[in-house]
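Below is one structure, written out as structure tokens; comments come after it.
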Amino acid sequence: MSAFAFAFPAVLTTLVLLPVIWWLLRLTPPKPLTEVFPPFAILASIMKREETPAQSPWWLTLLRMLMAAAIIFAIADPVFNPRTNTLASSGPLALVIDNSWATATDWQQRVDTASTLIDDAESRDVPISLVLTADRQHDAVPVDAATARTRLAAAEVRPLPADRAAAVASLRTALDGTAPGTIAFLSDGMASGETDETISALQSLSPADFRLIAGDGSPAVAITAANNGSDALSVTLTRLDGGAARSLPLTAHDSRGRPIATGTADFAAGSTATTGTITAPFELRNDFARIAIDGLANAGGTYLLDDGFRRRRVAFLSGEVVDASQPLLSPLHYINRALAPYADLIEPSVADLSVAIPELLEQNPSVLIMADIGRLPEDVQGAVQRWIEAGGMLIRFAGPRLAAAPADDPLVPVMLRKGERALGGALSWSEPQPLSAYPQNSPFFGMRSPEGILIKRQVLAEPTPDLAERTWANLADGTPLVTTGPLGSGRIVLFHISAETGWSNLPLSGDFVEMLRRTVQLSRGGGVSTGDAETQGLPPYRLMTANGTLAAATGEAKPLATGNATKAIASFDNPPGLYGTEDGYVAHNLFPPGHEIRPLAIADGAGVTREPLAGRETWSLKPHLFTLAALLLLADCVIVLFMGGAFAAATRSVPKRGATAAVLLALVTGALIVAPSESRATDNKPGDETIMSRLDTTHIAYVVTGEGEVDRISERGLAGLTEFLTYRTTLEPGEPVGVDISRDELSLYPIIYWPVSATAEMPSSAAISRIDAYMRNGGTVLFDTRDQYVSLDGNSTSPNTERLQAILANLDIPPLEPVPADHVLTKAFYLLANFPGRYAGSPLWIEAELDRAEDPSRPARAGDGVSPIMITGNDFAGAWAVDANGMALLPTVPPDEVQRDHAFRAGVNIMMYMLTGNYKADQVHVPALLERLGQ
């Protein structure tokens, strides 16, 4: 396909007339002379000589020639990116479109490509069969062009890999033996599964024309694993294009979406897999919630982290009584030193196990470590067993007490032989035993081979059929060193040696630290919760969108079996996201560890025509050339008038008219050169005086939508709230300010009220980026869809809500929740239970605190900052709006002045929350502080 062509090339033959035009235009009549009525002088002049035509100046002739050439070229209609309709008309057009995660970066280009194919099919009166490979349901029945366009407009990218087998099967059923004319496969370039038979399956439909349309594949990069090591977080990546070397920046975000650490991943030339690192202190790495590749906003470029990466709370106790007096002989000393950098350690305050263990369990630990404790009190043993069954992890170390414990102890993972195996005993070795390589079913697999570690004493396990499955580490003679077993939703792990150096030198090695760290990381990060998650599965909590952000779970997702969280590729039933509850959740990412994306394989001679995605749309130079010709004609007229003396009075000081005309022509030509270029936007940001005038007091801002009535209500609404604040509080805000989010300085305002209107112009991506930066820097945007009246029936979504969804799709917003009953917003100034406006049915949505642990002793929430986003549909401005006399402009629904008063109070609380943050959360401690101060 040519990038440039003429719609009517035959017209160009008229260019041969340009020499004739040159000859006609080179002559010009002589300029008439002006005399002050000397009749005889005129007659004498007439009698003296005969005037002949003089030649036209060359530059004027050139100007006219350019004008004629511009008209000729305009009639010929030069076109960039011309298209030719080559679709086969023997059957329907089959459009097979990949809308998988990898198409998020160029989705609009794919839609444009499909649209042009639909236009071609419409021109040939060919029906269209359209299927999307990442959709759950497929309707491949051929339809007309209008219906196909509607379905294409409704299509969207899914955060899933393509399922082409189901799509092709649906297409085959819909065609019912009819051979398609053209099959256009808009592929993401990746193979689907181990053996992708899509090409051969489509060719089996016997199309007259088969086109494979794909992009360059370079943006297809996915994160497949992340490992929180001792000094850095390592991230495993895979890419589709194994060409040139490439460096990708990585950013770690916390649960609120804030970037807190960065790193890089470097692909070597020809390599399709690599490992990047993000170096940060372990305490900071525990706050990582997701890893993202900068510039790749898709599900593959985002990796979610769950409780498995967070710092654990570990409780430990020992049966020894010499812990404090002889720390180097205490088993807890080595456990403490090994886990202190990676976990929050808690110890009992008393030595009595019947008191110490319940005290530790009340603090909701993730792991309980018992060093050489053989028998537990009966009342405590049942509590520990129930705690493990609810999801806790018990780690036990052997010792003399455990070796002498009863064989029917339910809190050990395997059956133990009574007594221990030691050097010099009945079951002794001739020499201390080293460790063997770790088995593949062990979390220690992948560690370096243990060297220099010698075991002198151990507790032996009875040989059972499942002993090998329960063993994580063995000695060289095959006897187990570390065993494990499930108990309900929890797990028991037993080290068959003591935690101090009396039985081995393992506690002195780095392997001991890494073994404990990996074991603790297998526990639940949020502590133990009740429920039978193993059998019922984890419910979807937050799901990933196509651009890599988190959103509320939809009804299509099903509970996730905990065993599949890190082993399976994301599917329709279990899309990528977080599964569980606020108390604890599991991250299910797009790909499991070790997965590599591969290019779509096409056999040689397969009869497939390869095409790139459509580039820029076809556009014609005709209007620009006609505009140029008109400007040249205008310049010619001005020059002729100037040469004819029309501007003689203004140019008497110019000695040579030809030079002046040449200067004028140069100016006109310069204007013509500059005219086609894009004009630069004028910088209309407020000046220093405007900024200083708005810094002297607090102003409430609202977004100017361009709709007169909406902007008037916003201005009067904020004016009414300003008056109410001045009258009821010590805050005296200035006049409300309307802002253009694409140009005005936004940092001057603590909060911006945005009345969402579906009929207003959609903000540009640059404007939305400015809003995103404003929210990241501490500002808050209050979105008001003003559509609660539409949702009264509970079954409809208003156009304003759909517009808000389109705006938020381009913002990196945190997860949202309705204002909780104990939030600071409910008590910032007034005590409020809800936040009504003109309507009272919509909740006020704010940033959710996903990982905050509830403290029952503190009723107020203690968030660190102010929510950067608020959303409501109650039409706050409509309730606040007043006229110049202070009378309400709009009635409440239903008419109730008490509701209007509560709306003003809601506005006061929002402003106090914005300006003071969460200081009200600390007011609950005022009585205790005053009592301590003696007041």
Set of residues satisfying ring pair (Phe, Tyr, Trp, His ring centres under 6.0 Å) with respect to [X], sequence neighbours excluded:
X	value
Tyr438	Phe444
Phe267	none
Phe495	Phe397

Applying salt bridge (Lys or Arg N to Asp or Glu O under 4.0 Å), can you list everything that pairs with [X], at least two apart in sequence or on another chain?
X	answer
Arg518	Glu514
Asp254	Arg258
Arg470	Asp466
Asp287	none

Exercise for review: Please report the closest heavy-atom contact between Thr264 and Ser247, naming both atoms and the distance.
Suggested key: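 In terms of heavy atoms, the two residues are closest at CB-OG, 4.5 Å.
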Can a side-chain donor-acceptor contact be found between [Y] and [X] if the only test is distance below 3.5 angstrom?
X	Y	answer
Thr272	Arg239	no
Ser489	Glu389	no
Thr238	His595	no
Asn474	Ser436	no

Check your understanding: Pick one: which of Thr251, Ile291, Thr262 meets side chain to side chain contact (heavy atoms under 4.5 Å, CB included) with Ile278?
Key ->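 That would be Ile291; it is the only one of Thr251, Ile291, Thr262 passing the side chain to side chain contact (heavy atoms under 4.5 Å, CB included) with Ile278.
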Report yes if the side chains of [X] and [Y] come closer than 4.5 Å at any heavy-atom pair, otherwise no.
X	Y	value
Leu487	Gln385	yes
Trp503	Pro400	yes
Leu233	Phe288	yes
Gln433	Lys456	no
Leu237	Thr224	no
Trp472	Pro480	no
Thr519	Val367	no
Pro463	Arg417	yes

Going by side-chain hydrogen bond (donor to acceptor under 3.5 Å, both in side chains), name the residues that satisfy it together with [X], two or more places apart in sequence or in a different chain.
X	answer
Asp573	Arg136
Ser571	none
Thr545	Asn547, Thr549

Exercise for review: Using the ring pair (Phe, Tyr, Trp, His ring centres under 6.0 Å) rule, collect all pairs that involve residues 357-382, keeping only residues at least two apart or in two chains.
Suggested key: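 Listed by first then second residue: nothing to list.
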Quick one: [atom1] on [X] to [atom2] on [Y], what's the gap to the nearest 0.5 Å?
X	Y	atom1	atom2	value
Leu394	Leu494	CG	CG	9.0 Å
Leu460	His496	CG	NE2	9.0 Å
Leu508	Leu506	CG	CG	8.5 Å
Thr302	Asn589	OG1	CG	9.0 Å

Check your understanding: Could you go step by step and tell me if Ser504 and Arg457 meet the side chain to side chain donor-acceptor pair (under 3.5 Å) rule?
Key -> CA-CA 7 Å; Ser504 71; Arg457 179 176 296 183; over 6 Å; no
Does [Y] offer a backbone N or O that forms a donor-acceptor pair with the side chain of [X] under 3.5 Å?
X	Y	answer
Thr471	Ala473	no
Asn574	Ala561	no
Asp372	Leu402	yes
Arg290	Leu305	no

Check your understanding: How would you list, by chain and number, every residue that makes a side chain to side chain contact (heavy atoms under 4.5 Å, CB included) with Asp409, sequence neighbours excluded?
Key ->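 Result, side chain to side chain contact (heavy atoms under 4.5 Å, CB included) vs Asp409: Arg396, Leu411, Val412.
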Practice item. For the pair Asp306 and Tyr579, evaluate side-chain contact (heavy atoms from CB on, under 4.5 Å) and give the outcome as yes or no after the intermediate values. Key: CA-CA 9 Å; Asp306 55 19; Tyr579 289 78; over 6 Å; no
Exercise for review: Might you work through the side-chain contact (heavy atoms from CB on, under 4.5 Å) test for Leu475 and Leu435, ending with a clear yes or no?
Suggested key: CA-CA 4 Å; Leu475 300 184; Leu435 272 66; 4.1 Å; yes
Exercise for review: Run the numbers on Val384 and Ile357 for side-chain contact (heavy atoms from CB on, under 4.5 Å), then give the verdict.
Suggested key: CA-CA 8 Å; Val384 173; Ile357 291 180; 3.5 Å; yes
**Study point:** CA sep, side-chain torsions, deciding dist, call: Asn336, Glu347, side-chain contact (heavy atoms from CB on, under 4.5 Å)
**Key:** CA-CA 10 Å; Asn336 193 332; Glu347 299 183 60; 4.1 Å; yes
